[in-house]
Undergrad: 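Sharing a structure here in C-alpha cells format.
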Amino acid sequence: MLDIKFIRENAELVKDGARKKRINVDIDRLLELDEDRRRLMKDSEQLKAEKNSASQAIAKLNGDEKKEAIAKMQTVSAKVKELDAELEGILDEFDSLMLQVPNPPDEEVPEGADDNDNMEIRTWGTIPEFDFEPLDHVELGEKLDILDIPRGVKLAGTRSYILKNEGVFLEYAVLMYALNQMRTLGFGPMIVPHLVKETAMIGTAYFPGGEEQAYSCERDGLYLIGTAEVPVTSYHYDEILEEKDLPKHYCGISPCYRREAGTYGKDTKGLYRIHQFQKVEQVVICKNDPEESAKQHEFITSNSESLVKALGLPHRVVLVCGGDLGQPQKKKYDIECWMPSRKAYGETHSSSKFYDFQARRLKLRYRDSEGNIQYCHTLNNTFVATPRILISILECNQQKDGSVVIPESLRPYMAGIEVIEPKN
RNA sequence: GGAGAGGUGUCCGAGCUGGCCGAAGGAGCACGACUGGAAAUCGUGUACUGGCAUCCCCAGUCGUGGGUUCGAAUCCCACCCUCUCCGCCA
C-alpha cells in the first residue's frame, strides 16, 4: 500500500509505474475519490467539533435551557450521520483502489512484458558439458533410489513427491549448510508458524490477490504459508521499533506450501514446480531510506550468490522487468541456476525490495532519531529453496557411472556420504 | 471438548456507579541539572492515525464493528483475539 499523499503528489509517476508493471488501476478515479473524501471529512469534522463543544456546555445547563440545547444538538447529529454515510460509500471504493495501486518500480527496472524480458546482470561458473548422455534429476533420483514421484502422486496427487534415503540427507544438508552460513552473516534464525492468520497474509501483500495460491484451513481461519517471509516479516506486526535497533536481519526456515493454481501443464516434470518444499528465507527490516534499502538489497542478493557459488552451481543474476514484477516490489533480482535437463537457467532465488509497501500494511514502524514515527522498509530473498536446488545439484554433479558426487561444502552435513551410488 | 478471566499509550498497569479521560502511576526513551566521566538522584518532555502545509488548531482512536446518549474507555449487542483451570493428547 502506498501513501495517498505520495500518490497525490506523484500521480504521473504512479501511473507510469502501473503501466510499466502492466497493472491496470484507475488512478484518476482514486484521486477524484480522494478529493471527495477529504471534503466530506472536513465538513463532518467541523460539525463534530461544534457538537463536542456544545455538549460540554450542556452538562452545565438545567431545565428548559438544557432541553433546547439538546434538541438543537440532535439536528446537528442527524446531519453528521448523513455526511458520514456518504463518506462511507466513498471509502469502500477508495480503500479497494488503494490496495490495488502497485508500488512504482525503480528507474533501472527494465521495460518488458514477462520473464523473457528480464535483463541478465551477471553470470558465474561454466555450464557443464558431459562426455556421456546426462540424465535428468527424475531419472537420476530413481536410479539412486532417493526420489519416488509416482508414489508421491498416489498419496497426495499431482506435483507431489517423496524424497528418501540419501535424498533426505541431501535436502537437510542444504538446509543446515544454509543455516550455518546465515549465522555467520548475522541473520537470526527463526522457526515460525506455518499456519498464519489472514492479517499476516494481507500485511505481506499476498492478499488480496493471492488467495488462489494459498491453502486455507477454513474451519480455523488460517492459511498455510507459501514462504517464511510471511510470518518473519510479520514478526514485528503493529510495533514501533527504535532506529538504533535497525536493520534487523532475520532468516526463517520452514516448509512452503503452494497450490500452483492456474499453472496446469506448466513445469509438470520433476521437482521444479511442486506443492511443498523447504526454504531458508532472508528477511531484512531497515530504516526508511532508499540508499539503505538499496544497500540491503545488494547484500541479501550477494549472500545467495555466495551460497550457490559454494555449491559450485553455474548461475546468473537477472534484473526482473516491469511486467514480471509483482504489485508490491520496487525491484527484484532473480538468481537462476543451471539445470542441464532444461538446457537453461531455472529460477532458484527471488530477491525483492519493497520500500514501505509491506510495512504500511503491517503497521511496522520505528521511531527515528528525531522522535518521528516512520514506516520501515522491508526486503527478502531466498537463501536456499529445496528440493528445487537439488535439480541443479544432482544434474550438474552426475558422473558417467550414474553416481552423483556431493559438493564439498555439503559433506559435513551428509553423515559421511560423499557420493550417492546408483541402486537400480 | 467443558468452565472461567481478560483485551487500555513503546512496555507494565489504574480507570469501567457515563461529562475538561487521550486517559493516574510506574518502567523505558529524549533533553537538562549534578559529575573529571559514568552510575545513582532530581527536573522537564514523551500515544497513535488523519485533516490542516503541519509549532498552533481540529477530528478520530482505550481488541473490531454496531447500538443507546447532547455526551462512552466506562452502559447494551455481535464478532475477533489472548489467558487460566478441567478433560483429551504428542
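Chain A is the first sequence line, chain B the second, and so forth, proteins listed ahead of strands; every chain is numbered from 1.
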Undergrad: Between A/Asn52 and B/C20, is there a side-chain N or O to OP1/OP2 distance below 4.0 Å?
TA: no
Undergrad: It should be established whether A/Arg37 places a side-chain nitrogen or oxygen under 4.0 Å from OP1 or OP2 of nucleotide B/G50.
TA: no
Undergrad: Say you pick atom P in B/G51 and the same atom in B/G15; how far apart are they, in whole Å?
TA: 36 Å
Undergrad: Any non-hydrogen side-chain atom of A/Phe187 less than 4.5 Å from a side-chain atom of A/Val284?
TA: yes
Undergrad: Work out how far the P atom of B/C76 is from that of B/A24, and round it to whole angstrom.
TA: 25 Å
Undergrad: Please determine whether a side-chain nitrogen of the Lys or Arg among A/Lys48 and A/Glu45 lies less than 4.0 Å from a carboxylate oxygen of the Asp or Glu.
TA: no
Undergrad: Choose from B/C48, B/C70, B/G51 the nucleotide whose nearest atom is closest to any side-chain atom of A/Arg365.
TA: B/C48
Undergrad: Tell me the interatomic distance from A/Glu242, atom CD, to B/C11, atom C1', rounded to whole angstroms.
TA: 11 Å
Undergrad: May I ask you to check whether over 12 heavy atoms, not counting those of A/Glu421, lie within 6.0 Å of atom CD?
TA: yes
Undergrad: Looking at B/C48, B/U68, B/C52, which one has an atom nearest to any side-chain atom of A/Lys81?
TA: B/U68
Undergrad: With a 3.5 angstrom cut-off on both distances, give the Watson-Crick or G-U wobble partner of B/C57, or none if there isn't one.
TA: B/G51
Undergrad: Say we look at B/G28 and B/A39: how far apart would their P atoms be, to the nearest angstrom?
TA: 12 Å
Undergrad: Please determine if A/Asp106 and A/Lys20 form a salt bridge, counting it only when a charged side-chain N lies under 4.0 Å from a carboxylate O.
TA: no
Undergrad: Between B/C70, B/G19, B/U82, spot the one nearest the side chain of A/Ala59, thanks.
TA: B/G19
Undergrad: Nearest-nucleotide wise, let me know which of A/Ser55 and A/Ala49 is further upstream toward the 5' end of RNA chain B.
TA: A/Ser55
Undergrad: For B/U82, give its Watson-Crick or G-U wobble partner with both distances under 3.5 Å, or none.
TA: B/A5
Undergrad: Between B/G7 atom P and A/Asp238 atom CG, what is the distance in whole Å?
TA: 17 Å
Undergrad: Taking atom C1' in both B/G7 and B/G13, what distance in whole Å separates the two?
TA: 13 Å
Undergrad: Within the structure shown, what part of the strands sits under 4.0 Å from A/Ile240 by heavy-atom distance: base, sugar-phosphate, or nothing?
TA: sugar-phosphate
Undergrad: Taking A/Asp145 first and then A/Lys423, would you say they form a salt bridge - that is, a charged N and a carboxylate O separated by under 4.0 Å?
TA: no
Undergrad: From CG of A/Leu241 over to P of B/C48, roughly how many Å is that when rounded to an integer?
TA: 14 Å
Undergrad: In whole Å, what is the span from the CG atom of A/Leu91 to the C1' atom of B/U49?
TA: 14 Å
Undergrad: Can you check the A/Asp245 CG to B/C11 P distance for me, whole Å?
TA: 14 Å
Undergrad: Taking B/C79 as the reference, what is the distance to B/C21 when you measure between their P atoms (whole Å, please)?
TA: 34 Å
Undergrad: Of A/Asp220 and A/Lys48, whose nearest nucleotide on RNA chain B comes first from the 5' end?
TA: A/Lys48
Undergrad: Under 4.0 Å between a side-chain N or O of A/Arg8 and OP1 or OP2 of B/G51?
TA: yes
Undergrad: Please say whether the positively charged group of A/Arg388, taken as NZ for Lys or CZ for Arg, lies over the ring of A/Phe277, i.e. under 6.0 angstrom from the six-membered ring centre and within 45 degrees of the axis.
TA: no
Undergrad: If you measure from the P atom in B/G22 to the same atom in B/A73, how many Å do you get, rounded?
TA: 8 Å
Undergrad: A/Lys42 side chain N/O closer than 4.0 Å to the phosphate oxygens (OP1, OP2) of B/A59?
TA: no
Undergrad: Under 3.5 Å for both donor-acceptor distances, Watson-Crick or wobble: does B/U69 have a partner, and if so which one?
TA: none
Undergrad: Looking across every strand, which nucleic acid part, if any, lies under 4.0 Å from A/Lys51 by heavy atom: base, sugar-phosphate, or nothing?
TA: sugar-phosphate
Undergrad: Can you tell me how far P in B/G50 sits from the matching atom in B/U41, rounded to whole Å?
TA: 37 Å
Undergrad: To the nearest Å, give me how far apart CD (A/Gln56) and P (B/C20) are.
TA: 7 Å
Undergrad: Could you tell me if the ring centre of A/His236 sits under 6.0 Å from that of A/Tyr250?
TA: yes
Undergrad: Now, which nucleotide makes the Watson-Crick or G-U wobble pair with B/A39, with each of the two distances under 3.5 Å?
TA: none
Undergrad: Taking only the P atom of each, what is the distance from B/C56 to B/G63 in whole angstrom?
TA: 27 Å
Undergrad: Rounded to whole Å, please give me the gap between CE in A/Met73 and P in B/G71.
TA: 9 Å
Undergrad: If the cut-off is 4.0 Å, is A/Arg38 near the phosphate of B/C52, judged by side-chain N/O to OP1 or OP2?
TA: yes
Undergrad: Determine: side-chain N/O of A/Gln74 to OP1/OP2 of B/C70, distance under 4.0 Å, yes or no.
TA: yes
Undergrad: Paired with B/G28 by Watson-Crick or G-U wobble geometry, both distances under 3.5 Å: which nucleotide is it?
TA: B/U46
Undergrad: Please tell me which of the listed nucleotides, B/U82, B/C70, B/U54, lies nearest to the side chain of A/Lys5?
TA: B/U54
Undergrad: More than 12 non-hydrogen atoms from neighbouring residues, nucleotides or ligands closer than 6.0 Å to NZ on A/Lys79, yes or no?
TA: no
